[in-house]
Structures are given as C-alpha cells and as structure tokens.
Amino acid sequence: APNIPVANVKAHLRKLQSIANANGGNRAHGRPGYKASAAYIKGKLDAAGFTTRLSPFTYNGVTGWNLIADWPGGDTRHVIMAGSHLDSVRNGPGINDNGSGSAGVLEVALAVSRAKLHPAKHLRFGWWGAEELGMVGSKNYVDNLSQSARSKIDGYLNFDMIGSPNPGYFVYDNDPELESVFTKWFKAKGIPTEIETEGDGRSDHAPFEAAGIPVGGLYSGGETPKSPEQARKWGGEAAKAFDPCYHRSCDTSSNIGAKGLDNNADAIAHAIWTLGTTKVE
Ligand code: PHE
Ligand code: ZN
Ligand code: ZN
Ligand code: ZN
C-alpha cells in the first residue's frame, strides 16, 4: 500500500474547519456546514473517478445525507467497505470527531485512484450523516440494503476519531481477521496497540455488525485519561485525556496529533490494499 501523505489529510481538515467557520461554527446534522462538508468530499471523489451518490434521509424533521462512493471494478459479490461519520456535534467544528476519520478515508480513496488500483474485490467508501444523533445515517444505509446486498459486504471498517492530540492506538476486536490486518501492520511498525473497548455500540460499525457484517476499525481515544503505562508505551501525557476537546468547541484543526493521524491513515491504506486485493476464492 502507498504511504498516505499526512499533509493531504491535514489540508482536508483545514477545509472542514473553514467550512465550519463559514457556517456558524459546526458541521452538524441539519446545518449548512454538514451539506458543505459532503459537497467538498463528493467533489474530490468525483474528480478522482469514483461513482458517488448523496443518499438522503430525514431525522428530527430535517434532511441529512450519506455520501457513498464506489470505485469502479472488482468483484461486486465481494465488497470491502470503509466509512466514517462526517457530521459534528453542534458544539463545535468536529475536526478530530470526525473530520479525522472522514479526511483519512477520503485520502485513502484518492490514493486508490492515483494508483489506478484494480482490486480483486469491489471497494466502497461511505461518509455518514447524523452519527452524533444515534448513528442515524449508517442505520439508514444498512436498513435499506437488501439481504443479498448485505451478504456481499465482506467487511466494514470504521474510522471515528483517528487524530486525537494525545493519541492511543486502539484496534476494534469485533472480527478477528479484520483486527489482525491492523495489529500486524502496527506490530511491523513497532507501535503497540490495545483492544478498543469504548466503542462497541457507539459508532457506525454497530449497525453493520447488527446486520451480521464483519466489522473492524481504529480509534485514537476520547475523553478518558491516558494512563501512566499508556504514556510510557505511546508517549504523550499521562493523566490527560486522549482528546481533551471531545465534543467541545475546541475540537478544531489545532486539536489534532499529526503523528497518530499519519500512522492511522497509512494503516487504513494497508487494510484497503490487503483486503481489497486478496484473491476471491
Ligand atoms: N462515536 C463516538 C462519537 O462520535 C466516538 C467513539 C468512537 C467512541 C469510537 C468510542 C469508540 O462521539
Ligand atoms: Zn467474500
Ligand atoms: Zn462524537
Ligand atoms: Zn465520532
């Protein structure tokens, strides 16, 4: 897999920050900052050759959208999906939560295009609306899949908060095969990981898992303080939250740890290349 340029990921985050600034300080469901965020991501994907659609849903009396992008080619009976929620809370611009996952997945998708990748499996990327209101967008997506469409998704990888300023490296342990794709990569890099324990039922992988689809993902930590032992192995500050600006107005483009974001974006690329180019039996 190619190295993902973290400068590109950070440029997407600056754009999402400027969208929030121009739209009342947030990118929340039902607010103009959400629609502008989706338009930005869609424009990049369209220019890179993806087949994209904005899929509307209604929640709290207002329209939200999921953005779905398919990379043409691959065996559509075997789909590898990666996704992230694109909405913020109303309190702030949501740059770590979840501009980070959204920008990381976008940049990996753009790397697929730059590589003119011909994967064995079909690659699909999703940016979910209204996660912060109860995973509304991702539930809507999964609910609207036919049983046959569900059964064709070999795996869904979720990225929600991957640029925490005082980062940890947490790997979802839901599906052992998907988990090991990530843990092997981090191990080879000499980066210790821990099992992600806060996330179950708390992000967009939950509706996929409930529908019987294997899920995996990465998380760099939220409001919980980093323990002294975690600070010893990962660096950063003990007794301080992984993300002190979680769900706050200070979750801006300064609330990002570049090294963690860089590592996690590279890990996403590794997973997409590994899973997508594995021969279909
Ligand atoms: N879904 C949570 C949020 O957006 C964040 C989270 C991600 C929590 C992963 C746990 C694990 O606020
Ligand atoms: Zn399969
Ligand atoms: Zn959140
Ligand atoms: Zn989140």
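Every number for a ligand or one of its atoms is a count from 1 in the order of the listing.
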Atom indices of ligand 1 within 4.0 angstrom of [X] heavy atoms, with elements:
X      : value
Met161 : 5 (C)
Glu196 : 11 (C)
Glu198 : 10 (C)
Glu131 : 1 (N), 2 (C), 3 (C), 4 (O)

Does one side chain, of [X] or [Y], offer a donor that lies under 3.5 Å from an acceptor on the other?
X      : Y      : value
Ser164 : Asn96  : yes
Asn26  : Ser88  : no
Glu132 : His247 : yes
Asp200 : Asn174 : yes
His85  : Asp97  : yes
Asn166 : Lys240 : no

- Query: Taking Ser37 as the fixed residue, which of Arg27, Arg31, His12, Lys15 is the one that meets the side-chain hydrogen bond (donor to acceptor under 3.5 Å, both in side chains) rule?
  - Reply: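 Only one option passes, and that is Arg27.
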
- Query: For Tyr172, is at least one N or O under 3.5 Å away from an N or O on ligand 1?
  - Reply: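 No - when backbone and side-chain N and O of Tyr172 are compared with those of ligand 1, no distance drops under 3.5 Å.
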
- Task: Mind reading off the angle at the Zn ion (ligand 4) between the OD1 atom of Asp160 and the NE2 atom of His85, rounded to 10°?
- Result: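 With the Zn ion (ligand 4) as the vertex, the angle is close to 90°.
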
- Of Phe208, Phe125, Tyr141, the residue whose pairing with Tyr156 passes ring pair (Phe, Tyr, Trp, His ring centres under 6.0 Å):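 Testing each of Phe208, Phe125, Tyr141 against Tyr156, the sole residue satisfying ring pair (Phe, Tyr, Trp, His ring centres under 6.0 Å) is Phe208.
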
Report the nearest protein non-hydrogen atom to [atom]: residue, atom name, distance rounded to 0.1 Å.
atom                    : result
atom 11 (C) of ligand 1 : Gly199 CA, 3.1 Å
atom 1 (N) of ligand 1  : Arg202 O, 2.5 Å
atom 12 (O) of ligand 1 : Tyr246 OH, 2.6 Å

- Task: For ligand 1, note which part of Asn98 has a heavy atom under 4.0 Å away: side chain, backbone, both or neither.
- Result: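 No part of Asn98 comes within reach of ligand 1.
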
- Query: Of all the N, O or S atoms in Asp97, which one sits nearest to the Zn ion (ligand 3)?
  - Reply: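 This turns out to be OD2.
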
- Task: State if Met135 counts as touching ligand 1 under the rule of any non-hydrogen atom under 4.0 Å.
- Result: no

- Task: Could you go through the side-chain contact (heavy atoms from CB on, under 4.5 Å) check for Trp65 and Asp87 one step at a time?
- Result: CA-CA 10 Å; Trp65 294 268; Asp87 65 313; over 6 Å; no

- Message: To 10 degrees, how wide is the angle OE2 (Glu132) to the Zn ion (ligand 3) to NE2 (His247)?
- Response: 110°

